[in-house]
2 protein chains.
Amino acid sequence: MFFEEFVVNYIWKGEMKRDMHHSTFGFPIKKIGIIGGGQLGKMLAQKAKQMGFYVISLDPSPECPAASVSDELIVSDFYNPEKLKEIVRKSDITTYEIEHINTAVLKDLYDKGYHIYPSPYCLEIIQDKFKQKQMFKNANLPVPRFEKVTHLDASFFEKFGFPCVQKASKGGYDGRGVVVIKDKEDLNKVLQTESFVEELVDIKKELAVMVARNKRGDVKSYPVVEMVFEQSANILDFLVAPARIDEKIAQRAREVAIKVVEALDGVGVFGVELFLTKDDEILINEVAPRPHNSGHYTIEACVTSQFEQHLRAICDLPLGSTKQLSPAVMINLLGEKDYKGRPKIEGLAESLSIEGVSFHFYGKKMTAPFRKMGHVTILDDDLEVAIEKAKKVKKILKIKAEV
Amino acid sequence: MFFEEFVVNYIWKGEMKRDMHHSTFGFPIKKIGIIGGGQLGKMLAQKAKQMGFYVISLDPSPECPAASVSDELIVSDFYNPEKLKEIVRKSDITTYEIEHINTAVLKDLYDKGYHIYPSPYCLEIIQDKFKQKQMFKNANLPVPRFEKVTHLDASFFEKFGFPCVQKASKGGYDGRGVVVIKDKEDLNKVLQTESFVEELVDIKKELAVMVARNKRGDVKSYPVVEMVFEQSANILDFLVAPARIDEKIAQRAREVAIKVVEALDGVGVFGVELFLTKDDEILINEVAPRPHNSGHYTIEACVTSQFEQHLRAICDLPLGSTKQLSPAVMINLLGEKDYKGRPKIEGLAESLSIEGVSFHFYGKKMTAPFRKMGHVTILDDDLEVAIEKAKKVKKILKIKAEV
């Protein structure tokens, strides 16, 4: 075991060490490992295949969206040390589409010289929302006022001040692990886990910026986008690109987002979620170390999609143009509330009759209420027309289930 | 055998008959069969997977470009009746990326009610270049003067007049099966096969128009593109979109192209190659019943790519917008002249540093001189700048082979 480790280590340190400059590609030009085979993994795999890469995906489900568009699939959960070692060793460069991975194993492999981007050290910081926030604060980047929850009694929250938001440090996603505490009455909702508390920001708009950075430190940002949420369910209603904000604010948002990724020493694309406050201040909400839902519009609307950009960044290739060619609106296609089972699409033909509609369906075998089953991007020269079209598609296109 | 045929026939006639209106899709939304797993099949499969289709490809090589991006691969040549029946029966809709297929088998299946688009009857006409030309002439569409070669002696060609072009009726592609006969001296080059002769048109430019038509007869054309050839080898040097021609001529070219596809009763996308003569006349050269090299630029430059458009057309879905969002130039990446073996890419990083470059590599296992290994599309607001960038990429980016 020691000897095998040693040999692998030795060979890779020689042939694959991370400061190697990739100006000539062999065949296959690169083996890319992707941990996670959901829709982000699928779209990343598809772009990698377009560029001639060999793709190895890892996912617990043999029927995951990425399975049928990859060269190889390793079936495993995201914490199995042996399987994580397998994908990293088989791949020239390994990346991931999810945050909840065993970073201990990845850090060990990274320290031995394997190419894993964004680095597991960067991922580890992002996995802990408190550490993340603390790092941005230390780098003098604008964050809402926050504090680690040291004891779960009323006095702590009262001292911090209402209204506030309690966030679990680890494990949350898609709104889970977040509780709004408006006043004392809400204290019964408090999360019984490692957490921090944050002021409830008076938000004008929620914004996001995709940022790409490669190993040599070249960095580019995409246009700022605006996330419009359904008030009731805290579900993204639609995403508007570019955001309907002042040019100066957009500039400021892009600068902050770039600084965030630089502070993380990030390599890859990053989704940086921001708040625009009622006072036109930009504050950092949180960061995803991977292609992001708010960057899907780049597939149709930008010169370089977020998926190609991620591949360029992790392969230390020059970054592509982030120019947007057309205004765009994106909506997620969620499983309808009362349906569970094999998905059935309603209203596709009618939706596709609307000029500028692109349809993405992830190929998940089962639908469930609010599950992300696909998305639609609408291009139109007039952003307001694109928004109207998006609203129409939302009404028509339904993901139900076979009876 | 008879009974099985009958049952299949009966079931399909009931469930799948061709006039069925597909407004609701089940799961998987459709099984698409693609005969041919080369680069066109690969790009078509990738778009189908993006839209959630289940993809079955058929190709002689288990390592063909489409293999790793399809759900299933049937390994077979394009004339094996059993294997062709298998893919058609397994698929809800079958299409193809090549012309050289056993149409007798496909016609039989089509007559039984299976969905095959473009129809094998349309394909059969296109397979015979003489029949194709004759059909366009009968429909009063503009074609160069041509005549069936009835006897291969000098007097026949002299009577037709020099210079002329002899074209094999069947089996030619990429310039094969075509001979230019400038004068009597050239008569030793005459092809000893079923053929026709055509006047050598005094060409100002070679143009192409992609046309999409669905079953209910909706039809759309893409912008006219200009194919610039290397004089020496008759190889496409680069493709310019849109063509640098007068708007009236462009309009005329798009009208002719649409009439061509209507004359063929074509369902799918078609590449219509045209001559623009020195007298500004538009003449039909030939037609491909499938996505086409001259339509690759649509992936990055247009709202709807030719591949998505093909899928919409054969599924009888509404056609997408053919609007071009940015000027574009496309170059093919051919295997370098003196290299054979496992491909090795030179100059990729430098090429990708040029703003607006998109890189496609088909994943063919072996390179050979002039083999199409990939392509590059360059977007730039200024078409002339895009052309300069394309020339630069051509100089830098080389497909060689491992030693």
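Below, chains carry the letters A, B, ... as their sequence lines are ordered, and counting in each starts from 1.
- Note on B:Val55, B:Leu319, B:Asp381: by heavy-atom pairs under 4.5 Å with chain A, the leading option is B:Asp381.
- In this structure, the side-chain hydrogen bond (donor to acceptor under 3.5 Å, both in side chains) partners of A:Glu72, at least two apart in sequence or on a different chain, are A:Tyr54, A:Lys90.
- The part of B:Ser70 that comes within reach of chain A is its backbone (N, CA, C, O), which places non-hydrogen atoms under 4.5 angstrom from that chain.
- Using a 4.5 Å heavy-atom cut-off against chain B, the contacting residues of residues 351-358 of chain A are A:Leu352, A:Ser353, A:Glu355, A:Gly356, A:Val357, A:Ser358.
- Atom NZ of B:Lys394 is surrounded by more than 12 heavy atoms from other residues, nucleotides or ligands within 6.0 Å.
- For B:Lys49, the side-chain hydrogen bond (donor to acceptor under 3.5 Å, both in side chains) partners at least two apart in sequence or on another chain are A:Ser68, B:Asp71.
- The line from CG of A:Leu311 to CZ of B:Phe359 is 12.0 Å long, rounded to the nearest 0.5 Å.
- Taking non-hydrogen atoms and a 4.5 Å limit, the residue list of residues 320-329 of chain B in contact with chain A, ordered by number, reads B:Ser321, B:Lys323, B:Leu325, B:Ser326.
- Atom OH of A:Tyr339 has 12 or fewer heavy atoms from other residues, nucleotides or ligands within 6.0 Å.
- In plain terms, the two heavy atoms of A:Glu300 and B:Gln50 that are nearest each other are OE2-NE2, 4.1 Å.
- Of the listed residues (B:His360, B:Glu308, B:Lys400, B:Gln39), the greatest number of heavy-atom pairs within a distance under 4.5 Å of chain A belongs to B:His360.
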